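Atoms within each ligand, like the ligands themselves, are counted from 1 in listed order. Here the structure is a predicted model, which means the values were calculated and not measured.
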Amino acid sequence: MIKEKVKLIKSGKLTAEQNIKNYISKIKKKNSQLNCILHINEKAVSQAREVDKKIKSGCAGRLAGIGLIVKSNINVKGLICDCASKTLKNYISTYNATVIEKLLKEDAIVLGMANMDEFACGSSGETSAFGICKNPSALDRIPGGSSSGSAASVVAGFCDFALGSDTGGSIRNPASHCGVVGMKPSYGAVSRYGLIDLSMSLDQIGPLGSCVEDCEIIYSVIKGKDENDSISRNFDEKKKIGKIVIGVPKISADKQIWGLIRNKIKEVCEKNKWSFKDVELKYIDLGIQTYYPIVYVEFFSGTRKFDGRMYGFKIEDVCGAEVLRRILGGSEISKAEFAGKYYRKALKAKKIIEKEFANAFKKFDVIIMPTVPKLPHKLGQKISVEEMYNYDSLSVLANLAEIPAISIPAGKIDGVPVGLQILCARGDDDKMLGVGKRFDI
Ligand code: GLN
């Protein structure tokens, strides 16, 4: 719990140095079994000592001495940012992403860079060029992805919190499978400057933590308008939540998972005297068909800079199968695009989904559904590309609708964590967090 930890550190009962040393030694001891971390920040302990000095002089920030793990597609000056790809192997960031600047200003300390699906393309963690990381909550299962190392690091106790990126579910999906909280903010609420993009109309950076309150604290630090990201903005947020009406859509997911989610909704509604009703959402079955053409085209376009001339290697020469599939697919779709057949059509469908949700939020405060429609598969089990893409059928909706969404642990099935997903109207991130806190176990 970040709030308590900061109090402890500021009171001198635990030094920042000690907190960071504890994490680094745990990572050094256990990471070879888990493979959550790709690179450790060797300067973390000396940076913690500087924070201790600031605490003594009474000028330390809100996150003094708190340790974080960063997904390997977010630039942290001086650390390797390789997107878990051979393309950017040993690429050292020359600047800090805006989110990192903001966290460092509050005296948080970067512990290291997390494993992930290559260039954030994946839902299982299996596409990393440097080996999959383990799911510490269910060792025989995939951790989910693409922010696999970020979620796994929180459960493994390698950090106080982690940062991930979410284009179609990559924060919420591994949060669900690993049993932690993961938040995707509203599109534009958090600056994407310094994030190596997967799909720029959908990407958002967000926190993963062990409770909703931790995500709330981190979100309050990283959010806001940034001159370096033209779509970033300040939303006029209302923190107060009154009587909440929850919408529950009819959407296909594993029966046992739905059972768990429904029970949780009932339990929380009874406790808080809230109500829940069915919400009808048309077109939400089109999520995957709408999401992938957009991602393929934007990813293809974004990867043209990885041609091996300025830095790294030519992406097509060294990347894995999933990344190559998207580059080739994106190139084909772009060629056919003169007729506006795919990408432009997908953007139109995106608008329709966005409107559908905006209308629903006129009647409902939040919408709740499972984060992922099925349990994570076993390590080594081969699944089809379609099955892999379907992991995201419920999480892509928030990205397409540009709304905030959070995954919170709802319980376990066969010992495997299952996440509950809360969605809210665009810009109502704080309200969503407020509701989320009542669902925290
Ligand atoms: N799994 C989805 C994909 O492969 C989402 C990825 C993400 O959110 N970064 O595109």
- Mind checking whether Thr167 contacts ligand 1 via backbone (N, CA, C, O), side chain (CB onward), both or neither, at a 4.0 Å heavy-atom cut-off? both
- Charged N to carboxylate O below 4.0 Å: is that the case for Glu213 and Lys3? yes
- Query: Counting heavy atoms only, which part of Tyr292 comes closer than 4.0 Å to ligand 1: side chain, backbone, both or neither?
  - Reply: side chain
- Evaluate side chain to side chain contact (heavy atoms under 4.5 Å, CB included) for Ile132 paired with Asn35, printing each intermediate quantity in order. CA-CA 7 Å; Ile132 185 175; Asn35 200 25; 6.0 Å; no
- Nitrogen or oxygen atoms of Lys71 and ligand 1 under 3.5 Å apart: no
- Message: For the 3.5 Å polar cut-off, considering only N or O atoms, please tell me whether Gly145 and ligand 1 meet it.
- Response: no
- Options Ser170, Ser395, Ser199, ranked by nearest heavy atom to atom 6 (C) of ligand 1, top entry: Ser170
- Message: Please report whether ligand 1 has a polar contact with Gly122, defined as an N or O pair separated by less than 3.5 Å (distance criterion only).
- Response: yes
- Does Cys121 offer a backbone N or O that forms a donor-acceptor pair with the side chain of Thr127 under 3.5 Å? yes
- What atoms of ligand 1 come within less than 4.0 Å of a heavy atom belonging to Tyr291? 2 (C), 3 (C), 5 (C), 6 (C), 10 (O)
- Task: May I ask whether Tyr391 places a heavy atom under 4.0 Å from ligand 1?
- Result: no
- Show which atoms of ligand 1 fall inside a sub-4.0 Å distance from at least one heavy-atom site of Asp166. 8 (O)
- Query: Under 4.0 Å from any heavy atom of Ala120, which atoms of ligand 1 are there?
  - Reply: 6 (C), 7 (C), 9 (N)
- Query: Are the side chains of Asp82 and Ser85 in touch, meaning some heavy atoms are under 4.5 Å apart?
  - Reply: no
- Is a donor on one side and an acceptor on the other found under 3.5 Å between the side chain of Asp166 and the backbone of Ile171? yes
- Item | Ring-face cation contact, Phe439 with Lys264, 6.0 Å cut, 45° max | no
- Looking at ligand 1, does Arg326 have a heavy atom less than 4.0 Å from it? yes
- Side-chain ion pair, Lys102 and Glu106, N-O less than 4.0 Å: no
